[in-house]
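One structure below.
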Amino acid sequence: MDSTLEPLARSLRDAPVVDRDGYHYFVHGVTDGIPPVEPDVLRAIATGIRDRIDLAEVDKLVAPEAMGIHHATALSLATDLPFVVVRKRAYGFPEEIVVRGETGYSESDLYLNGVDAGDRVVLVDDVLSSGGTIEAVCDALEECGADLQDIVVVLRRVDGDHDLDRPVTSLLDVRVEDGELVIVD
Ligand SMILES: O=P(O)(O)OC[C@H]1O[C@H](OP(=O)(O)OP(=O)(O)O)[C@H](O)[C@@H]1O
Ligand SMILES: Nc1nc2[nH]cnc2c(=O)[nH]1
């Protein structure tokens, strides 16, 4: 493994797994804000993303509420790129785009504001599992005419039953096995 990601990999040890109506949901600072998110892990994430994604021609980062926000923040501070949050709350602006986001355990409307036609954007999120959230945000970005250059997640669940037909870069791939979070090489 890339040594940059060691603080992230170390932090994943012993992440608890809880049952959300049959969905085996792991809990971690990166994806839940608890246990606390350590600064060295955030730095490793920002560096790991910069190492993997070409951000030279990007105008904005786009992150879904809530758990994409701290990763977009860390990356924004490291790159000077602004970011937009896809909210779960309506603002009623004329250009607002509403899409339905679904995960393996929940669903909610997502509201995109602040991205204009032609904006070159990178979508950043904490985790990819069913792909429902990323698919919904991609639909919204397409509807507003943004130029989606890359999708990057910190963790990709490879045990997720997703049929997302888009290239996604992940820093680490993981799965839940026998009640434990396991990093997949
Ligand atoms: O690939 P998927 O199955 O869509 O799962 C991934 C999404 O699930 C979590 O969001 P959640 O909707 O739980 O909201 P939160 O970020 O507010 O915790 C996570 O932050 C991702 O956005
Ligand atoms: N924290 C967390 N977020 C998720 N989003 C989708 N799956 C998961 C999961 O297992 N854990």
Side-chain angles (χ1 to χ4, degrees), residues 8-38 41-42 45-46 48-49 60-76 83-91 97-115 121-142 148 150-184:
L8 172 63
R10 264 197 306 275
S11 74
L12 294 172
R13 283 188 207 138
D14 304 325
V17 175
V18 297
D19 190 314
R20 291 185 88 165
D21 295 328
Y23 183 89
H24 298 137
Y25 179 100
F26 68 88
V27 182
H28 184 265
V30 161
T31 54
D32 296 272
I34 47 171
V37 190
E38 297 298 338
V41 173
L42 271 188
I45 290 168
I49 293 175
K60 283 172 193 167
L61 308 170
V62 176
E65 175 183 348
M67 299 312 296
I69 298 176
H70 48 295
H71 306 300
T73 306
L75 193 56
S76 174
F83 70 92
V84 160
V85 178
V86 184
R87 298 298 313 267
K88 293 179 179 167
R89 167 189 301 171
Y91 291 82
I97 294 170
V98 190
V99 288
R100 191 76 182 158
E102 287 184 29
T103 70
Y105 49 85
S106 64
E107 51 184 292
S108 56
D109 284 335
L110 302 173
Y111 300 86
L112 177 69
N113 289 284
V115 177
V121 301
V122 168
L123 172 50
V124 181
D125 206 359
D126 59 333
V127 57
L128 164 68
S129 181
S130 74
T133 304
I134 282 179
E135 193 62 63
V137 175
C138 288
D139 288 348
L141 290 169
E142 203 170 297
L148 177 60
D150 276 296
I151 304 169
V152 62
V153 296
V154 180
L155 303 175
R156 169 174 29 215
R157 278 192 72 154
V158 293
D159 53 356
D161 186 19
H162 73 75
D163 51 9
L164 186 69
D165 191 20
R166 300 175 186 273
V168 176
T169 299
S170 61
L171 299 189
L172 292 176
D173 288 347
V174 297
R175 67 168 179 262
V176 173
E177 196 176 281
D178 300 330
E180 290 189 4
L181 186 64
V182 177
I183 298 174
V184 178

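Everything quoted here is computed from the prediction, not taken from an experiment. Read the numbers this way: they start at 1 and go in the same order the structure lists the ligands and their atoms.
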Proximity winner for atom 7 (C) of ligand 1, if only heavy atoms of Asp32, Val86, Val137, Thr133 are counted: Thr133
Of the listed options Glu135, Lys88, Glu102, closest to atom 17 (O) of ligand 1 (non-hydrogen atoms): Lys88
Around [atom], find the nearest protein heavy atom and jot down its residue, atom name and distance.
| atom | result |
| --- | --- |
| atom 5 (O) of ligand 1 | Thr103 CG2, 3.9 Å |
| atom 5 (N) of ligand 2 | Tyr105 OH, 3.1 Å |
| atom 3 (N) of ligand 2 | Tyr25 CE1, 3.4 Å |
| atom 10 (O) of ligand 2 | Arg157 NH1, 2.7 Å |
| atom 19 (C) of ligand 1 | Asp126 OD1, 3.1 Å |
| atom 8 (C) of ligand 2 | Tyr23 OH, 3.7 Å |
| atom 9 (C) of ligand 1 | Tyr105 OH, 3.4 Å |
| atom 21 (C) of ligand 1 | Asp125 OD2, 3.3 Å |
| atom 18 (O) of ligand 1 | Met67 CG, 3.7 Å |
| atom 3 (O) of ligand 1 | Ser130 OG, 2.5 Å |

Heavy-atom pair of closest approach, residues Asp125 and Pro64: OD2-CG, 3.5 Å
Test of proximity, Phe26 against ligand 2: N or O pairs below 3.5 Å: yes
Distance-only polar pair, side chains of Ser106 and Thr103, donor-acceptor under 3.5 Å: yes
Ser129 and Tyr23 side chains, donor-acceptor separation under 3.5 Å: yes
Under 4.0 Å to a heavy atom of Gly132 - the qualifying atoms of ligand 1, by number: 1 (O), 4 (O)
Any donor-acceptor pair under 3.5 Å from Glu65 side chain to Lys88 backbone: yes
Heavy atoms of other groups near Glu107 CD, more than 12 under 6.0 Å: yes
Atom CG of Asp165: over 12 foreign heavy atoms under 6.0 Å: no
Pairwise side-chain contact, Ile151 with Val122, heavy-atom cut-off 4.5 Å (strictly under): no
Ligand 1 contact by Gly131, heavy-atom criterion under 4.0 angstrom: yes
Numbered atoms of ligand 2 (with element) below 4.0 Å of Val127, judged on heavy atoms: 3 (N), 4 (C), 5 (N)
Gap separating the CD atom of Glu142 from the CG atom of Leu148, nearest 0.5 angstrom: 9.0 Å
Distance in Å, Arg166 CZ paired with Leu123 CG, rounded so as to fall on 0.5 Å steps: 9.5 Å
Test log, rule side chain to side chain contact (heavy atoms under 4.5 Å, CB included), inputs Val30 and Val37: CA-CA 6 Å; Val30 161; Val37 190; 5.5 Å; no
Close approach of Asp32 to ligand 2, heavy atoms, under 4.0 angstrom: yes
Check: Tyr25 N/O within less than 3.5 Å of ligand 1 N/O: no
Any N/O pair Val127/ligand 1 closer than 3.5 Å: no
side-chain contact (heavy atoms from CB on, under 4.5 Å), paired with His71, selected from Leu171, Leu61, Asp126: Asp126
Test of ring centre spacing under 6.0 Å for Tyr105 and Tyr25: yes
